[in-house]
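Okay, so here's the structure we're looking at.
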Amino acid sequence: MTVKERITALRARMKETGIDAYLIPTDDFHGSEYVGEYFKCRKYITGFTGSAGTAVIMQDMAGLWTDGRYFIQAADQLEGTGITLFKMGEPEVPTVHEFLKKNLTQGMCLGFDGRTVSAKEASELEKMLDENGVSLSVDHDLAGDIWENRPALSCEPVTELDIKWAGESRADKCAKIRKAMEKKGADLFVLTSLDDIAWLLNIRGGDIHCCPVVLSYLVMTKTEIRLFANEKAFQTDVLEALEKDGVTLFPYDSIYEYVKTFKKDKKVLLCKKKVNSRLVSNIPADTRILDEENLTLLPKATKNPVEVENERIAHIRDGVAVTKFIYWLKKNVGRIPITELSAAEKLYEFRSEQEDFIDNSFDPIIAYGKHAAIVHYFATPETDIPLEPSGFLLADTGGHYKEGTTDITRTVVMGPTTEEEKKYFTAVLRGTLNLGAARFLHGCTGVNLDILARQPLWEMGEDFKHGTGHGVGYLLNVHEGPNSFRWKIVPGGNAVLEEGMITSDEPGYYREDGFGIRHENLMVCKKAEKTEYGQFMCFEFLTMVPFDLDGVVPELMSVRERNLLNDYHTQVYEKISPYLNEEEKEWLKDATRAI
């Protein structure tokens, strides 16, 4: 079926079920950022393939909301579908909730699959729409009803993460969480976010593309741990190891019946931002719910010393692969046929040669020329274009290694560029270096420091429409909270930067139909000196790959900024050159020369 035909079929089901507006988020049953193929209802209905977006279907309109990363892509993919694009955050553009409040009136009904909407959002919708006399219908998966040949739920094999990689045993982690429960006065802890469960139990899977997680729910009490997952994904030795540590496996969907048995005198700790509304609504009404952040959130984000040291190793291995790739690009562009897709395949080949490489940490963004202006562009056979010996190539890629997860962006100068392009290339690089060199008192958040990355562009009256940095998981999700860099305060995005947190540093600049630039390093937060004013903190760059000096205008940089770049490049050469052949080593020596 075409997109128009799917929307027509969905509207027919809406009529049958008495639903006037149907909400389709980009979510699975666990609030994951990326979702498995089974859960891609919004993509199926609208044809928009971006990783973030929400659709609203009514009888007389269809709309899609997405953020600045995807404006260009969404406009292109929605063309001719009859779906209206709502550019989130733009002036005069209503939010999804504002639109629903304005357009749903007395006696109407809003529908959605309650397993794909958090308890927090469902509560907000219910309260807001009740004022208009609008009811909710949350038990229908209408998109799934019309989805022909829908993929099955994933059931990839589950493996254990050895303590030499994790740095802490499952038993010790669970003991710490139980102590935290005790401090909170909680009798039960309901955990449904997949990365948290994988971290807590030291297990990994493959149920989301590029995210080594296991479709599961978990409930912890003072005496038992129940894991709700597909038994077919677990080999006997993994099950036995889990059982030895007090973890018992139950069928994946049975949690919805289990939570109905919670006693009224028990206190249940869960995070309504993470747990889906259908699960929470199944908990008896007289059971007290402690709605707080997951107890695993901060322990997971603050990497232990073993994890940090492993990440340093992972980034040297990844740095070798990406450095070889950049050398290969510069040597071969214009000489042999190379396209965006074939370049991505070549980079995967270089990564695959590295010890302990597992897989990409996300689909590679290899964007040439004007494609790089699309912030999260992914090449397809239909959009793939050849690389030419001119302009910029933006390569935002990453890998999973047993030693951890990487995420790096380099903007590569493929040939002649304009002075304007070099001006912006240099400005963005200045922002990357300045943020990476920050020293700050403990207690600061990413909001306090974001200006260091944006200032060079703000001085020019320019900006970029994405966050400056995100937390990164350890062989888990490449995007992990709560640490981040952004200039706008958002709920849950104002976390204090703690020792051991790994965060990306990735300012950018994008000229629609022209070019795109982004420079990204991952860095770990560390303690610096302690003085009468308190504990100072700093960052250490983990990423070890040269920035392309062919795009740099040294005269536009301060002496301090040039020194920061030179010092970084000295480290890159020392750590990466031993793994290169003589030709590559000579190239790297020049690519990291002092300016």
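Just so it is clear, the values below take in all heavy atoms, side chains as well, and ignore hydrogens, waters and symmetry mates.
- In terms of the side-chain contact (heavy atoms from CB on, under 4.5 Å) criterion, residue partners of Met88 (sequence neighbours excluded) are, by chain and number, Trp65.
- Side-chain atoms of Phe362 and Asp407, non-hydrogen and from C-beta on, do get closer than 4.5 Å to each other.
- Between Leu279 and Thr192 the shortest side-chain heavy-atom distance falls below 4.5 Å.
- Taking the six-membered ring for Trp, Tyr217 and Phe29 have ring centres at least 6.0 Å apart.
- A cation-pi arrangement, defined by a distance under 6.0 Å to the six-membered ring centre and an angle within 45 degrees of its axis, is present between Arg150 and Tyr38.
- For Gln77 and Thr49, the side-chain atoms include at least one donor-acceptor pair closer than 3.5 Å.
- Looking at Asp463 and Trp487, their side chains come closer than 4.5 Å, going by heavy atoms from C-beta outward.
- A donor-acceptor pair under 3.5 Å is absent between the side-chain atoms of Thr302 and the main chain of Gly500, judged by distance alone.
- Atom CD of Glu79 sits in a sparse spot, with 12 or fewer heavy atoms from other residues, nucleotides or ligands closer than 6.0 Å.
- If you check the side chains of Glu420 and Thr418, you find no donor sitting under 3.5 Å from an acceptor.
- One distance of note links CE of Met58 with CD1 of Ile19; it measures 12.5 Å at 0.5 Å rounding.
- Side-chain polar atoms of Tyr424 and Glu462 form a donor-acceptor pair below 3.5 angstrom.
- Shown here are the side-chain contact (heavy atoms from CB on, under 4.5 Å) partners of Asp548, two or more places apart in sequence or in another chain: Lys330, Val412, Val413, Phe425, Asp550.
- Note that CG of Leu269 and CD of Glu292 are 5.0 Å apart. Values are rounded to the nearest 0.5 Å.
- Rounding to the nearest 0.5 Å gives a distance of 11.5 Å between CG of Leu542 and CD1 of Ile408.
- The distance from the CG atom of Asn294 to the NZ atom of Lys300 is 8.5 Å, given to the nearest 0.5 Å.
- Glu90 is linked by a side-chain contact (heavy atoms from CB on, under 4.5 Å) to Phe71, Lys87, Val93, Lys465, counting only residues two or more places apart in sequence or in another chain.
- In this structure, Glu520 and Thr432 have side chains that are not in contact, with every pair of non-hydrogen atoms separated by 4.5 Å or more.
- Judged purely by atom type and a 3.5 angstrom limit, Asn276 has no side-chain atom pairing as donor or acceptor with the backbone of Val117.
- Using modelled atom types, one finds a donor on one side chain and an acceptor on the other under 3.5 Å when comparing Asp207 with Ser154.
- The ring of His209 has its center no closer than 6.0 angstrom to the ring center of Tyr34.
- Annotation: cation-pi geometry not satisfied between Arg518 and Tyr509 (NZ/CZ under 6.0 angstrom from ring centroid, within 45° of ring axis).
- Atoms NE2 and OG1, from His519 and Thr409 in turn, are 10.0 Å apart once rounded to the nearest 0.5 Å.
- Asn483 and His470 share no side-chain donor-acceptor pair at under 3.5 Å.
- With Asn434 contributing its side chain and Arg430 its backbone, the two residues share a donor-acceptor pair below 3.5 Å.
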Would you be so kind as to tabulate the donor-acceptor pairs closer than 3.5 Å made by side chains of residues 96-107, with sequence neighbours excluded?
unit_1 : atom_1 : unit_2 : atom_2 : d
His97  : NE2    : Glu121 : OE2    : 3.0
Glu98  : OE1    : Thr95  : N      : 2.9
Lys101 : NZ     : Glu131 : OE1    : 3.1
Asn103 : ND2    : Phe99  : O      : 2.8

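- Between Arg6 and Glu148 no salt bridge is recorded (no basic side-chain N to carboxylate O distance below 4.0 Å).
- Side-chain contact check for Leu387 versus Leu393: some heavy-atom pair is nearer than 4.5 Å.
- Between the side chains of His442 and Glu498, at least one donor N or O sits under 3.5 Å from an acceptor N or O.
- A distance-only check finds no donor-acceptor pair linking the side chain of Gln73 to the backbone of Tyr70 [under 3.5 Å].
- Between Tyr368 and Tyr377, the side chains place no donor N or O within less than 3.5 Å of an acceptor N or O (distance only, hydrogens not considered).
- To the nearest 0.5 Å, the span separating CD on Gln455 from CG on Leu452 amounts to 8.5 Å.
- The shortest distance between side-chain heavy atoms of Ser558 and Glu561 falls below 4.5 Å.
- The distance between the ring centers of His140 and Tyr22 does not fall below 6.0 angstrom.
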Subject >> Step-by-step side-chain contact (heavy atoms from CB on, under 4.5 Å) determination, Thr417 to Phe392 >> reply: CA-CA 8 Å; Thr417 52; Phe392 292 145; 3.7 Å; yes
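- For an aromatic pair to be called close, the ring centres must be under 6.0 Å apart, and His371 with Phe378 fails this.
- Here the side chains of Cys211 and Asp195 are not in contact, with every heavy-atom distance at 4.5 Å or above.
- For Ser118, the side-chain hydrogen bond (donor to acceptor under 3.5 Å, both in side chains) test picks out no residue, with sequence neighbours left out.
- With hydrogens and angles left out, the side-chain atoms of Thr405 and His400 include a donor and acceptor closer than 3.5 Å.
- The side-chain contact (heavy atoms from CB on, under 4.5 Å) check on Ala344 picks up Pro364, Ile366, with sequence neighbours excluded.
- Within the 4.5 Å cutoff, no side-chain heavy atoms of Ile24 are placed close to those of Thr116.
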